[in-house]
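Start at 1 and go down the list; that is how both ligands and their atoms are numbered. All figures in this text were calculated on a predicted structure; none of them were measured in a lab.
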Amino acid sequence: MYQNLLSPITINKLEIRNRVVYPSLGLLYSYDGTLNDRYYEYFREKARGGTGLVTVGPVGIDFIGSGGIIPMLDSDDAIPGFKKMTSVIKEEGARAWIQLFHAGAYSYPMLLKGDAPIAPSAVYSRYSKAMPREMTIEDIEKVREAFVSAAARAQEAGFDGVEILGSGGYLITQFLSSIKNQRTDAYGGSFENRVRFPKEVIERTRERLGADFPLTIRMAGNDFVTGSNTDNETKEFAKVYEAAGVDAISVTGGWHETHVPQLPASLPQSGFAFLAYNIKKEVSVPVMASNRISSPETAEKLLKDGYADMVSIGRGLIADPHWVNKAMVGRSDEIRPCVACLQGCMDNVMTGQPVTCVANPLAGYEGERIIEKCKTPKNVMVVGAGLAGLEAAVTAATAGHSVDLYEKNDEIGGQLWVAGAPPHKGELFKFVRYYQAMLWKHNVSLHLNTRVDDRLIREKNPDFLIVAEGAEPLLPPIDGMDDPSVISAWDLLKEDRLLGDEVAIIGGGAVGLETALKVAAKGTITPEILHFLFTYEAESVERLRELMFQGTSNVTVFEMLPKVGKDVGKSTKWVLMSDLDKYGVAFTTEAKVVSIKNGLLTYEKDGKTHQQQFDHIINAAGSKSVKNIAEKIEKMNIPFAVIGDGAQPGKINHAVHGGFLAALEI
Ligand SMILES: Cc1cc2nc3c(=O)[nH]c(=O)nc-3n(C[C@H](O)[C@H](O)[C@H](O)COP(=O)(O)O)c2cc1C
Ligand code: SF4
């Protein structure tokens with residue numbers, strides 16, 4: 001099983017126990033440039049879970065390149081903290097790597113104490129919203145030396161290998177790209193000149209570290225930025241890097257500024273592995289593939305297909321650091337899934353908060369949230385097998401309690417069946433697979449098709465009751481919500497149905513927008529049909545694009561606020577909005593729907609009353625908690641907790657973390 005994935009590999013002369021790499025990933029567990037226990041415990045878990053190579057990073061090499069907000073290795077004083085980190089990782093049998101980081105123009109000016117970021121040229125950065133200062137030759141030499149010195153400190157701290165960050169749109173990619181590098185000296189212009197800076201960094205670092213010390217680079221396989229480097233140039237960069245002395249190359253996607261999504265679920269599993277292969281063909285050192293490689297099956301196939309030699313798994317190992325150990329014993333169904341939501345990781349970082357994971361309540365809390373085995377097991381009754389109830393049941397059972405889980409429907413998952421229905425949201429169904437496996441593993445007694453009432457609770461008389469009744473659609477105060485044209489978004493998402501040419505959605509929050517996308521995509525061609533038509537050149541590219549995005553209904557979203565998507569995270573919102581735009585979804589904002597009659601929708605906007613005729617009107621105006629049991633429980637004299645949407649409608653985080661924490665309190 002997973003023969004390729006779990007077989008060892010050698011980088012330079014160093015053997016690594018398997019092909020799984022945890023890549024560098026900004027965590028924000030401190031803001032003062034130091035490591036702390038939160039970092040140590042996070043990385044201990046990554047190594048303990050069986051990962052072959054664990055990268056600590058991003059690590060700053062100087063102040064101007066990071067603003068000191070990430071762990072810094074810019075002075076010898078930092079070495080002891082990193083020494084501790086390398087022993088934490090190595091004690092668990094993993095190889096400890098470090099990624100050396102310089103953001104260049106991507107440094108945030110607000111962190112730089114009044115200095116401007118530095119970059120090859122003074123080209124405005126949309127990412128940091130800053131105009132950088134053009135680097136002088138002295139700056140270039142200084143930064144090059146900072147890379148080399150930090151690498152030497154990393155070696156002293158006991159790291160097994162050093163990775164230079166040459167991807168993501170950061171400093172090195174800025175040197176490589178003619179849209180960011182407009183220099184006319186030896187570091188700009190021709191291919192040789194643009195690649196000179198990373199080449200020198202590699203050569204000098206190699207010189208300092210010695211021939212046998214593993215040195216690697218992370219690079220963009222394609223910048224995915226108009227006018228910048230593509231697959232054609234990147235393979236040439238890789239050859240230069242190999243000749244300059246790297247022992248392995250990690251290939252990722254593009255930049256922060258790209259129009260091609262790098263992380264959300266719309267990027268198919270292993271969707272950028274082709275970029276790794278493009279490099280692998282050109283070099284003889286091991287190549288790592290990256291982005292959305294979530295399951296051992298995907299990883300194994302990718303290796304078997306010869307795309308890469310190793311796989312980089314970032315968020316998959318946040319969601320479950322024991323990914324490798326579970327794969328090793330053939331229990332990949334017990335791997336907690338990363339659902340590519342970005343809510344706990346990238347959304348947090350983008351708002352300056354530490355990385356957590358909506359799916360894994362322990363991520364980022366490794367030293368703090370501990371499931372202790374209980375001394376006196378209790379009979380625990382959990383009502384509702386949605387996300388919150390499932391997590392509570394599994395956690396309580398893991399702690400040693402005897403758990404009965406009740407669900408009124410004939411399957412577990414609750415609202416996941418609604419939430420997972422829109423395009424690119426199907427990853428959520430992985431939760432069902434995971435919890436099914438965990439209920440089984442921890443002997444939770446599952447009672448499907450069982451509606452719980454106070455009589456059943458009295459009869460079972462549990463020691464502890466967890467109520468996770470979920471939510472139901474909210475009916476907004478609009479005249480005519482019983483009009484035959486009105487459908488609930490939840491009903492539509494649960495079960496597809498025929499819709500007319502003109503469809504309105506009431507509510508421009510996450511559910512409304514995702515429903516809009518689903519409706520707008522109805523009747524468009526499937527990926528298989530597109531593949532077929534493209535293969536045989538049956539239709540022109542323009543016509544194919546039309547068939548991909550023109551469905552059978554026109555969709556208009558009505559929202560009271562000035563903007564739609566208020567509850568959609570920053571890192572996925574632009575992707576959702578761009579998709580809605582491609583499907584031609586229209587928005588009427590600052591509009592208050594007042595009545596519906598035979599599909600005629602009346603709304604107020606700008607102090608005037610307007611009317612528009614629709615075939616169907618979908619209500620996505622929010623949800624409210626179901627409190628059938630919650631309202632009665634206080635009188636029953638049974639210790640209890642009300643969790644998830646049943647306490648208050650919320651996101652995945654609220655359900656999973658709430659369920660977990662409630663179970664710890666039993
Ligand atoms: C919150 C966050 C921070 C990241 N920071 C870095 C970074 O500093 N350096 C880097 O090379 N990649 C960084 N990445 C990219 C990841 O290493 C990885 O390539 C990406 O998440 C895609 O892989 P995955 O789908 O396995 O998560 C970051 C990703 C996330 C989600
Ligand atoms: S927060 Fe979402 S995207 Fe990030 S690791 Fe967890 S499940 Fe994956």
Side-chain angles (χ1 to χ4, degrees), residues 20-29 51 54-60 65-66 69-71 97-103 106 163-173 216-221 250-256 261-273 275-276 288-295 298-299 302 310-321 323 335-364 387 425 427-428 430-431 434 569-572 651-653 656-657:
V20 180
V21 176
Y22 170 77
S24 165
L25 207 142
L27 297 170
L28 290 185
Y29 290 164
T51 313
V54 175
T55 313
V56 179
V59 169
S66 65
I69 199 171
I70 54 175
W97 238 251
I98 185 170
Q99 183 187 66
L100 301 181
F101 176 93
H102 196 297
Y106 275 5
E163 177 181 84
I164 293 162
L165 171 63
S167 57
Y170 296 105
L171 182 69
I172 284 180
T173 31
T216 63
I217 190 162
R218 195 163 208 211
M219 65 181 290
S250 168
V251 184
T252 179
W255 298 5
H256 285 289
Q262 307 293 300
L263 301 169
S266 45
L267 171 64
Q269 286 284 324
S270 71
F272 288 157
L275 296 174
M288 306 163 192
S290 181
N291 292 61
R292 292 268 294 129
I293 303 165
S294 305
S295 68
T298 306
L302 185 163
M310 300 180 82
V311 286
S312 160
I313 299 168
R315 291 166 297 161
L317 296 184
I318 300 182
D320 197 333
W323 194 100
I335 293 176
R336 239 184 222 276
C338 163
V339 293
C341 65
L342 294 169
Q343 289 170 16
C345 49
M346 195 50 113
D347 280 349
N348 273 17
V349 167
M350 306 252 307
T351 49
Q353 296 173 69
V355 163
T356 59
C357 174
V358 302
N360 176 9
L362 296 171
L387 260 185
K425 300 291 286 186
E427 292 283 303
L428 291 174
K430 289 185 176 163
F431 277 127
Y434 165 72
K570 200 171 171 186
S571 40
T572 47
K651 292 187 169 192
I652 308 171
N653 188 60
V656 174
H657 288 228

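- Nearest protein heavy-atom contact of atom 3 (S) of ligand 2 is L342 N, 3.1 Å.
- At the shortest separation from atom 7 (S) of ligand 2 among protein heavy atoms lies V339 N, 3.4 Å.
- Considering every non-hydrogen atom in both T252 and L275, the closest pair reads O-CD1, 3.8 Å.
- Distance from atom 1 (S) of ligand 2 to its nearest protein heavy atom, with residue and atom name: G344 N, 3.3 Å.
- Here the protein heavy atom with the shortest distance to atom 3 (C) of ligand 1 is G26 N, 3.4 Å.
- Ranking protein heavy atoms by distance to atom 9 (N) of ligand 1, first place goes to Q99 OE1, 3.0 Å.
- Using a 4.5 Å heavy-atom threshold, the side chains of R315 and L263 count as touching.
- Close contacts of ligand 1 with P58, meaning ligand atoms under 4.0 Å from a residue heavy atom, involve 8 (O).
- In A340, the part holding a heavy atom less than 4.0 Å from any atom of ligand 2 is the backbone.
- Considering OG1 of T216 and CD1 of I98, their distance stands at 11.0 Å, rounded to 0.5 Å.
- Among all protein heavy atoms, the one lying closest to atom 22 (C) of ligand 1 is L263 CD2, 3.5 Å.
- Protein heavy atom in closest approach to atom 5 (S) of ligand 2: R315 CB, 3.5 Å.
- Ranking protein heavy atoms by distance to atom 23 (O) of ligand 1, first place goes to N291 CA, 3.5 Å.
- Within the listing of ligand 1, atoms 11 (O) sit less than 4.0 angstrom from a heavy atom of L165.
- Remark: minimum distance from atom 6 (Fe) of ligand 2 to any protein heavy atom is reached at C357 SG, 2.4 Å.
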> Yes or no on ring pair (Phe, Tyr, Trp, His ring centres under 6.0 Å) for Y170 and H102, after CA distance, side-chain angles and deciding distance?
Replying inline: CA-CA 7 Å; Y170 296 105; H102 196 297; 9.6 Å; no
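- Atom OG of S66 and atom CG of L100 lie 11.5 Å apart (nearest 0.5 Å).
- Between N291 and Q262 there is a side-chain heavy-atom pair separated by less than 4.5 Å.
- Within the 4.0 Å heavy-atom criterion, the part of V349 lying near ligand 1 is the side chain and not the backbone.
- The closest protein non-hydrogen atom to atom 2 (Fe) of ligand 2 is C341 SG, 2.4 Å.
- Between I313 and W323 there is a side-chain heavy-atom pair separated by less than 4.5 Å.
- Atom 2 (Fe) of ligand 2 lies at 2.8 Å or more from every N, O or S atom belonging to C345.
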>> If you apply the rule side chain to side chain contact (heavy atoms under 4.5 Å, CB included), what do you find for T51 with V21, and how did you get there?
In response: CA-CA 6 Å; T51 313; V21 176; over 6 Å; no
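- Residue contact check for ligand 1: S290 places a non-hydrogen atom closer than 4.0 Å to it.
- Counting heavy atoms only, R315 comes closest to atom 27 (O) of ligand 1 of the residues R315, M288, M346, E163.
- For atom 8 (Fe) of ligand 2, the nearest protein heavy atom (residue, atom name, distance) is C338 SG, 2.4 Å.
- Side-chain contact between E427 and R292 is present, with at least one heavy-atom pair separated by less than 4.5 Å.
- The line from SG of C338 to CD1 of I293 is 12.0 Å long, rounded to the nearest 0.5 Å.
- Among M350, R218, Q262, the residue whose heavy atom lies nearest to atom 15 (C) of ligand 1 is R218.
- Among S24, G314, S66, the residue whose heavy atom sits closest to atom 16 (C) of ligand 1 is S24.
- For the pair V311 and T298, the minimum side-chain heavy-atom distance is 4.5 Å or more.
- E163 and S24 form no side-chain donor-acceptor contact under 3.5 Å, judged by distance and modelled atom types alone.
- Looking at N348 against ligand 1, nothing comes within 4.0 Å, counting heavy atoms.
- At the top of the distance list for atom 29 (C) of ligand 1, counting protein heavy atoms only, stands L25 CG, 3.8 Å.
- In the vicinity of P23, heavy-atom distances shorter than 4.0 Å reach the ligand 1 atoms 17 (O).
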>> Test side chain to side chain contact (heavy atoms under 4.5 Å, CB included) on V358 and C341; report intermediate values, then the result.
In response: CA-CA 8 Å; V358 302; C341 65; 3.5 Å; yes
> R218 and T55: side chain to side chain donor-acceptor pair (under 3.5 Å), yes or no, with the steps?
Replying inline: CA-CA 11 Å; R218 195 163 208 211; T55 313; over 6 Å; no
